[in-house]
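All remarks here apply to the structure that follows.
Convention: sequence-line order gives letters A, B, ...; per-chain numbering from 1.
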Amino acid sequence: MQKLIMLKKTDEFSSVFSFKKRFSSPFFVVHYKPNQAQHVQVGFVVAKKVAKLAVDRNYMRRVLREFCRHELSATLCVDVIIQVQKKFENKDYSLVNQELVTIFNKIQNKLSASSGQ
RNA sequence: AAAGCUAGCUGGACAGUCGCUGCCUAACUUGUUGGGGAGAGGAAAGUCCGGGCUGCAUAGAGUAGGAUGACGGCUAACAGCCGUACGCCGUGAGGCGAGGAAUAGGGCCACAGAGACGAGUAAACCGAAAGGUGGACGUGAAACGCGGUAACCUCCAUCUGCAGCAAGACCAAAUAGGCCAGUAAGCUAUGAAAGUAGCAAGGCGUGGCUCGCGUCACUGGCGGGUAGGUUGCUUGAGCGCAUAAGUAAUUGUGCGCCUAGAUGAAUGACUGUUACGUGUAGUAGUGCACGACAGAACCCGGCUUAUCGGCUAGCUUUUUAU
């Protein structure tokens with residue numbers, strides 16, 4: 001299993017944002033940008049506006065990390081930023097998981113379509 | 001038994017699957033794998049006080065500014081804690097209290113009252129009048145009196161440099177820029193080669209030409225320093241037990257223990273069994289939900305704020321029984 005690579009620099013974040021491709025759902029906005037590296041790179045944005053307490057923000061980050069580690073295939077060469085729009089808790093877990101799965105399927109389809117052209 | 005007061009403890013348990021961050025250890029392909037072990041709190045929070053630590057500043061003294069304010073003690077220090085006294089609240093166990101000086105000085109004193117910190121109303125008296133003397137009754141917490149207020153300034157006593165781990169220290173790529181030194185190549189002779197000798201000495205500008213100067217290029221070196229990395233970074237005013245001194249806070253002695261160290265930031269997610277509590281359905285067995293406040297960021301001592309409950313100890317009041 002490949003180790004999850006995180007986006008860190010402000011430059012990396014803003015380059016993904018300025019690519020202006022995204023999918024949204026009730027809980028998330030997912031920005032993405034194909035990259036040259038042979039693996040997925042992810043970044044999370046959990047604003048203080050979404051959840052005031054540090055505990056809640058940490059929980060959401062951990063759940064997102066968990067999802068990326070399990071579900072993202074290593075062959076997907078793309079930079080992704082998951083931005084949380086709405087606070088979610090433990091009871092929302094299955095719903096959150098579903099949303100992320102559908103979003104990443106969309107991204108996969110889009111990418112394979114564009115590479116096929 | 002009920003209702004309370006104070007102090008302390010606790011912050012469900014076990015197992016499985018998939019992971020994360022340090023540490024120890026073994027192997028080799030030197031960053032991977034295997035094994036072992038560790039990994040949030042009583043408030044980690046607010047950043048309100050006080051220290052340690054680090055850098056800068058600093059002869060000494062004073063002023064300004066800031067903080068504190070019964071008395072005595074504890075402490076590294078404090079606005080903390082302990083004891084005593086005083087005031088208020090409570091039947092009581094107990095709780096609360098920024099509490100020195102008003103004869104150093106300034107300011108302020110609502111409503112009522114003529115007048116509120118300096119003034120003057122009525123009667124009466126003086127006077128031709130203007131006005132003056134006079135100070136009752138009443139109001140009010142207080143009416144010239146060693147009045148109140150210092151939680152208004154102030155005075156007195158004591159303390160007080162400034163900044164903070166993004167402190168500070170070290171290593172240091174690329175690019176640009178700084179300083180210093182230098183000019184490659186080539187040709188000829190000799191020699192087996194190494195080498196030696198001689199010629200020649202980068203481009204552009206200045207100039208008739210040479211030297212020189214400037215600039216560019218290249219080579220080498222030096223120093224600053226960015227990204228990044230290492231360190232600071234967890235063994236400490238440390239924790240537990242026993243014992244001695246002390247009313248106590250606390251301190252001494254002995255023995256034992258090692259208990260997170262991340263850095264765009266690990267400590268997680270899911271599942272099962274089970275304990276406890278609450279709600280709900282039911283006659284019941286039982287079923288179904290829900291699980292307080294909240295996440296380390298250099299480290300300690302406090303304070304304040306948030307918090308579903310549970311347990312332990314001491315004490316108080318009321319009722320009942322003996």
Subject >> Verify same cluster id: A/Leu64, A/Leu95 (apolar side-chain graph, 4.5 Å) >> reply: yes

**OP:** Give the nucleotide from the list B/A265, B/U267, B/A40 with an atom nearest to the side chain of A/Arg61.
**Re:** B/A265

Subject >> Whole angstrom value for the distance that separates C1' of B/G295 from NZ of A/Lys52 >> reply: 16 Å

Original post:
Can you hop from A/Ile81 to A/Val29 via hydrophobic side chains spaced under 4.5 Å?
Top reply: no

Original post:
Between A/Arg65 (CZ) and B/A262 (P), how many Å, whole number?
Top reply: 15 Å

**OP:** Name all pairs fulfilling the salt bridge (charged side-chain N to carboxylate O under 4.0 Å, His left out) condition that reach into residues 19-33 of chain A, sequence neighbours left out, sorted by first residue then second.
**Re:** none

Original post:
Sequence neighbours excluded, which residues qualify as side chain to side chain donor-acceptor pair (under 3.5 Å) partners of A/Gln83?
Top reply: A/His31

Original post:
Would a line drawn from the ring center of A/Phe23 to the ring center of A/Tyr32 be shorter than 6.0 Å?
Top reply: yes

**OP:** Specify the residue among A/Phe13 and A/Asn58 whose closest nucleotide of RNA chain B lies further upstream toward the 5′ end.
**Re:** A/Phe13

Subject >> Whole-Å distance separating the CZ atom of A/Phe88 from the C1' atom of B/G268 >> reply: 13 Å

Original post:
Side-chain heavy atoms under 4.5 angstrom apart, residues restricted to Ile, Leu, Val, Met, Phe, Trp, Tyr: same cluster for A/Val55 and A/Val46?
Top reply: no

Subject >> Atom-pair distance (CG on A/Asn97; P on B/G268), nearest Å >> reply: 19 Å

Original post:
Rounded to the nearest Å, what distance is computed from the CZ atom of residue A/Phe17 to the C1' atom of nucleotide B/G264?
Top reply: 13 Å

Original post:
Which residues pass the side chain to side chain contact (heavy atoms under 4.5 Å, CB included) test with A/Val63, sequence neighbours left out?
Top reply: A/Tyr59, A/Phe88, A/Tyr93

**OP:** Using the P atom on both, measure B/U231 against B/A166 and round to a whole Å.
**Re:** 15 Å

Can you tabulate the close N/O pairs, meaning under 3.5 Å, that link protein atoms to atoms of nucleotides 269-271 of chain B?
from: B/A269; atom 1: O2'; to: A/Tyr93; atom 2: OH; distance (Å): 3.2
from: B/C270; atom 1: OP1; to: A/Asn90; atom 2: ND2; distance (Å): 2.8
from: B/C270; atom 1: OP2; to: A/Asn90; atom 2: ND2; distance (Å): 3.2

What nitrogen or oxygen pairs link the protein and nucleotides 291-294 of chain B at under 3.5 Å?
none

**OP:** Write down the distance separating the C1' atoms in B/U318 and B/U286, rounded off to the nearest Å.
**Re:** 42 Å

Subject >> Between B/G264 (C1') and A/Asp79 (CG): distance, integer Å >> reply: 15 Å

**OP:** Write down the distance between CE (A/Met60) and C1' (B/G264), rounded to a whole number of angstrom.
**Re:** 17 Å

**OP:** Hey, could you give me each pair passing salt bridge (charged side-chain N to carboxylate O under 4.0 Å, His left out) that has a residue in residues 48-57 of chain A? Not counting sequence neighbours.
**Re:** A/Asp56-A/Lys87

Original post:
Is B/C308 in the syn range, within 90° of 0, or in the anti range?
Top reply: anti

Original post:
Expressed in whole Å, how much space separates the C1' atoms belonging to B/C204 and B/A176?
Top reply: 24 Å

Original post:
Atom CD of A/Gln98 and atom OG of A/Ser25: how far apart are they, to the nearest 0.5 Å?
Top reply: 11.5 Å

Original post:
Taking the chi torsion of B/G22, is it syn (within 90° of 0) or anti (everything else)?
Top reply: syn

